[in-house]
Amino acid sequence: EVRAYEAGLKSSWLGNRLRANVAVFWNDIQGLQLSNLVVGTNPLTGAATTVTIVNNVGEARTRGVEIEVDTVLTTALRAGFTYAFTDAKALRGTEVTNGTVFGGNQLVDGAELPRSPRNSAAAFLQLTQPLARWRGLVFESRLDLTYESRRFAEIQNLIWADPRTVINLSAGIRSDRWKAMLWVKNLTNSDEAVNAFRFVDPVTFRRSAVDYLPRLRQVGGTLTYSFD
């Protein structure tokens, strides 16, 4: 169950050439999923057995602010920027792994929620220019940048993915019916992990972690045609 509250303001300036929006949000989360031990009875032997289950026993809160700016710089050039600050924390609950890691203390109170960066941002710069010598053809180019700060992989906040910045670039020509684009994804060949994952090694039965690795630099082209 989530109780969500949001308030914001949308505005436009300079004859709609500049658009600026801001929003604040607060979400109260009931039933946060956490791992806990339960004692049951083996139906075959009748012996008591302890198993780990995931159940909805926690409470959490996310709150923050989002800012969006979009502007027309010239008749051919447009730019935009978005930023979000998110404070996402567990308020109360217990997690069996916490007890193992922190000397018996299973409380998750105050831990940052997994996969929730405190800071994230995106920006773009786009050029759209008709080609005077070739009537009906338009040159397009776009530069995109995205950023995420550190993201924890689990509620214990001991495993995380480092801050990550990715830049994409594309350029090409289009008409009313077709578009030909060349693109480079992950222009700087950033190798920071997308995320991390905790698991139990089936051989040693020890807890370990792996990174979700990103796709490194990719170069390619796309040709599309509309039959409408």
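With respect to E1 and R3, a salt bridge is recorded, a charged nitrogen being found less than 4.0 Å from a carboxylate O. Between E112 and K89 there is no salt bridge, since no side-chain N of the basic residue sits under 4.0 Å from a carboxylate O of the acidic one. A salt bridge is absent between R61 and D28: the closest approach of a Lys/Arg side-chain nitrogen to an acidic carboxylate oxygen does not fall below 4.0 angstrom. Remark: K10 does not engage E68 in a salt bridge, criterion side-chain N to carboxylate O under 4.0 Å. A salt bridge between R142 and D144 is present, with a side-chain N of the basic residue lying under 4.0 Å from a carboxylate O of the acidic one. R19 has a carboxylate O that lies under 4.0 Å from a charged side-chain N of D70, or vice versa, which qualifies the two as a salt bridge.
When atom types are taken as modelled, the side chain of T86 and the backbone of A88 share no donor-acceptor pair closer than 3.5 angstrom. Side chain of S149 to backbone of N119: a donor-acceptor contact under 3.5 angstrom is found. A distance-only check finds a donor-acceptor pair linking the side chain of E154 to the backbone of N157 [under 3.5 Å]. Using a distance-only test at 3.5 Å, with no hydrogens or angles considered, a donor-acceptor pair links the side chain of S141 to the main chain of S170. The closest donor-acceptor contact from the side chain of R177 to the backbone of T224 lies at 3.5 Å or more, if one exists at all. Side-chain atoms of R17 come within 3.5 Å of backbone N or O of L73 as a donor-acceptor pair.
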Discussion item. I'd like to know whether D211 forms a side-chain contact (heavy atoms from CB on, under 4.5 Å) with N195, so could you lay out the CA-CA distance, the side-chain angles of the two residues, the decisive distance to 0.1 Å, and finally the verdict.
Written reply: CA-CA 6 Å; D211 287 334; N195 213 325; over 6 Å; no
Worksheet item: What do the steps show when you test E140 against R174 for side-chain contact (heavy atoms from CB on, under 4.5 Å), and what is the final call?
Response: CA-CA 8 Å; E140 287 186 348; R174 65 172 172 83; 2.3 Å; yes
Discussion item. Could you go through R115 and F152, starting from their C-alpha distance and side-chain angles, then the distance that decides it, and tell me whether this counts as side-chain contact (heavy atoms from CB on, under 4.5 Å)?
Written reply: CA-CA 6 Å; R115 293 172 289 280; F152 286 108; over 6 Å; no
Discussion item. One pair to check against side-chain contact (heavy atoms from CB on, under 4.5 Å): I173 and V138. What are the steps and the verdict?
Written reply: CA-CA 6 Å; I173 298 174; V138 177; over 6 Å; no
Practice prompt. Go through the steps to decide whether F227 and Y225 satisfy the test ring pair (Phe, Tyr, Trp, His ring centres under 6.0 Å), and finish with yes or no.
Written response: CA-CA 7 Å; F227 292 93; Y225 184 85; 4.8 Å; yes
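The shortest side-chain heavy-atom distance between I167 and N186 does not fall under the 4.5 Å cut-off. Counting heavy atoms from C-beta outward, E66 and F25 have side chains that approach closer than 4.5 Å.
In the hydrophobic cluster analysis, where Ile, Leu, Val, Met, Phe, Trp and Tyr join through side-chain heavy atoms closer than 4.5 angstrom, V2 is grouped apart from Y5. Under the 4.5 Å side-chain heavy-atom criterion for Ile, Leu, Val, Met, Phe, Trp and Tyr, F81 and F85 are members of the same hydrophobic cluster. Criterion: ILVMFWY side-chain heavy atoms under 4.5 Å apart, direct or through other members. Under it, L216 and V184 are not part of a common hydrophobic cluster. Connection of F139 to W134 is established within a shared hydrophobic cluster, with ILVMFWY side chains joined at heavy-atom distances below 4.5 Å, either directly or through further cluster members. Tracing side-chain contacts under 4.5 Å through hydrophobic residues (I, L, V, M, F, W, Y), one reaches L145 starting from L187; they form part of the same cluster.
Here the closest heavy-atom approach between residue P163 and residue R150 is recorded as CG-N, 3.9 Å. Of all heavy-atom pairs spanning G172 and M181, the tightest one is CA-SD, 3.5 Å. Between R151 and A193, the closest heavy-atom pair is NH2-O, 3.0 Å. S175 and L137 make their closest contact through CB-CD2, 3.8 Å (heavy atoms, listed as atom of the first residue, atom of the second, distance).
Atoms CG and CZ, from D87 and R118 in turn, are 5.0 Å apart once rounded to the nearest 0.5 Å. For the atom pair Q129 CD and T74 OG1, the distance stands at 8.0 Å (nearest 0.5 Å). Going from atom CG of L213 over to atom CG of D191 covers 8.5 Å, rounded to the nearest 0.5 Å. Atom CG of L127 is separated from atom CG of L77 by 6.0 Å, given to the nearest 0.5 angstrom. One finds the CG atom of L169 at 6.0 Å from the CG atom of L143 (value rounded to the nearest 0.5 Å). Residue T82 holds its OG1 atom at 11.0 Å from CG of N21, rounded to the nearest 0.5 Å.
Between the side chains of Q126 and R78, not a single donor N or O lies within less than 3.5 Å of an accepting N or O. Counted by atom type alone, S226 and W178 present zero donor-acceptor pairs between their side chains at under 3.5 Å. With hydrogens and angles left out, the side-chain atoms of S12 and N16 include a donor and acceptor closer than 3.5 Å.
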